[in-house]
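Letters A, B, ... are given to chains in the order of the sequence lines, protein chains preceding strands, and every chain is numbered from 1.
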Amino acid sequence: MIKVRAERLNFYYGATRALQDISVAVQPNVVTAFIGPSGCGKSTFLRTLNRMNDIVPGTRVEGRVLIDDADIYAPGVDVVALRRRVGMVFQKSNPFPKSIFENVAYGLRINNMAGSRSELAGRVEESLRQAALWGEVKDRLHESALAISGGQQQRLCIARALAVRPEILLMDEPASALDPIATQRIEELIYDLKQAYTIVIVTHNMQQAARVSDYTAFFWLGRLVEYDRTDKIFTNPAEQLTEDYVTGRFG
Amino acid sequence: MRRLPDRAFQAVALAVLCLALAALAALILDVWRDGASRLSWDFLTGFPSRRAESAGIWHALTGSVFVILVTAALAVPIGVGAAIYLEEYGTRSLLARLIEINITNLAAVPSIIYGLLGLGLFVRALGMGRSVLAGASTLALLVLPVIILTTREALRAVPRSIREGSYALGATKWQTIWHQVLPVALPGILTGTILALSRAIGETAPLITIGALTFVAFVPDGLWSPFTVLPIQIFNWVSRPQPAFQVNAAAAILVLLALLLTMNAAAVWLRDRYQKKLV
């Protein structure tokens, strides 16, 4: 069974081709890591999976991305509904300048999932618990989300994404701006979340990819060089280029 | 040694600032010396009179406030709406860029030109006559470009990460603008709007052009009522030969200045308040 399948995907910023013929199949309920040096296209590819690049002017996609066997770039696809199914956490935590509670409640409200007051509060608590943040913020739910620490903000963004019950969670270097302890908490969280979600994580930290992921895709210059089980990529890669990268010979 | 030019520049900047402040202070002091003695409750609540000592500004003060409120009611929704369209929805087409350049130019058009437009369009063609509505419509046209420009500036300053965060949750474009972008941009929009309106409240030329009466002995009682405003009253008094009317003019200037400063203070207060709410 395949959750996300890209077929000969090409992506252009204006005239520049940023992704070349990417074909990859992501399994459900596992963690898939995209690794590669800066500018290799891993983040761009991640953002094609929820059509986040649509809001960047001058970009163009060729090829197909299938989620549950339906092409998300087919004409008539509801992008708004797609993004509710495919949640995203960004490199730099971006809580809304509102209270902690409102940050989590926002997605529920705009998707008409808020229900009654107590239902809404229940969903907010559930999401904060899932993101392992509830204990730290339960007494200050109505304080500004910008007042908590960077690591907490990033977990709040994860809680916010989980609140609308996505099927897939895309994470774009979610721990790159965090200290080691906050990073460890995020990684533990990813491990817990994969029971319920299909997770795709972009990281330039190879140790992190090795720790959290089941499958790893190595990108280089806009191409997918190798995609396999994580242990295989890190111990016995098929491509010389992959080996050179994971052993730190370049990058 | 390298710090010397730095210090020199600081000194020059400070001197220029002091010069500007001194000029303003001298102006206010001069007007204060001339007019302060005339300021009284009777002056504020009085109506025009041929005798300078019993003339007041109630009709002009209420006229100014009324006209500015109607101007705001007309210009703010249109201006903010236009800015949202241009910034968020408008494509980078040739037409859009032409419109942009035009708006920037409109902000620099002399106000009397707007007066002529108001006279032709609102007073005559649309048959509004010399009413509050015609005056406010003219002033609304005058401040519209400034409101559009400052609103766009404020919208543009909203970080992309906030928009992306909203879109990533399955928000529509409008939900993103309404719930996330506008609240963050609001302090900037408010400041720009109030500053634009305080420019409008001091305008004389366009209102004279459309024929706002210079002698009105009553408070405007509706959108179709004739009216006058403080700057026109001041202009009227200054052009009288009797020195007592010059004193009245100085006192009216003080009232107008107070009104302006209050509006600007409100702009600062509102901006701080909303910024605090955001953080």
How far apart are the closest heavy atoms of A:Ala161 and B:Leu169, and which atoms are they? CA-CD2, 3.8 Å
Toward chain B, the part of A:Val89 with a non-hydrogen atom under 4.5 Å: neither
Around A:Tyr191, counting heavy atoms of other residues, nucleotides and ligands shown, do more than 12 lie under 6.0 Å from its OH? no
Measuring heavy-atom distances to chain A, does B:Arg160 have an atom under 4.5 Å in its side chain, in its backbone, in both, or in neither? side chain
Region of A:Arg85 in contact with chain B, defined by heavy-atom distances below 4.5 Å: neither
Does A:Ile110 form a side-chain contact (heavy atoms from CB on, under 4.5 Å) with B:His179? I'd like the steps, not just the answer. CA-CA 9 Å; A:Ile110 56 168; B:His179 293 290; 4.1 Å; yes
Given the options A:Met88, A:Gln91, A:Met52, which has more heavy-atom pairs under 4.5 Å with chain B than any of the others? A:Met52
side-chain contact (heavy atoms from CB on, under 4.5 Å), that's the test. Do B:Ser166 and A:Phe96 meet it? Break it down for me. CA-CA 8 Å; B:Ser166 177; A:Phe96 303 127; 4.1 Å; yes
Derivation and outcome, side-chain contact (heavy atoms from CB on, under 4.5 Å), residues A:Lys98 and B:Gln180: CA-CA 9 Å; A:Lys98 299 173 184 289; B:Gln180 304 297 346; 3.4 Å; yes
Smallest heavy-atom separation, A:Tyr106 atom then B:Ala171 atom, equals OH-CB, 3.8 Å
Nearest heavy-atom contact between B:Tyr167 and A:Ile55 is CD1-CD1, 3.6 Å
Within 6.0 angstrom of B:Tyr85 OH, more than 12 heavy atoms from elsewhere: no
Does B:Lys173 NZ have over 12 foreign heavy atoms under 6.0 Å away? yes
Considering only NZ, NE, NH1 and NH2 on the basic side and carboxylate oxygens on the acidic side, decide whether B:Glu164 and A:Arg47 come within less than 4.0 Å. yes
Does any non-hydrogen side-chain atom of B:Ile162 lie less than 4.5 Å from one of A:Pro97? yes
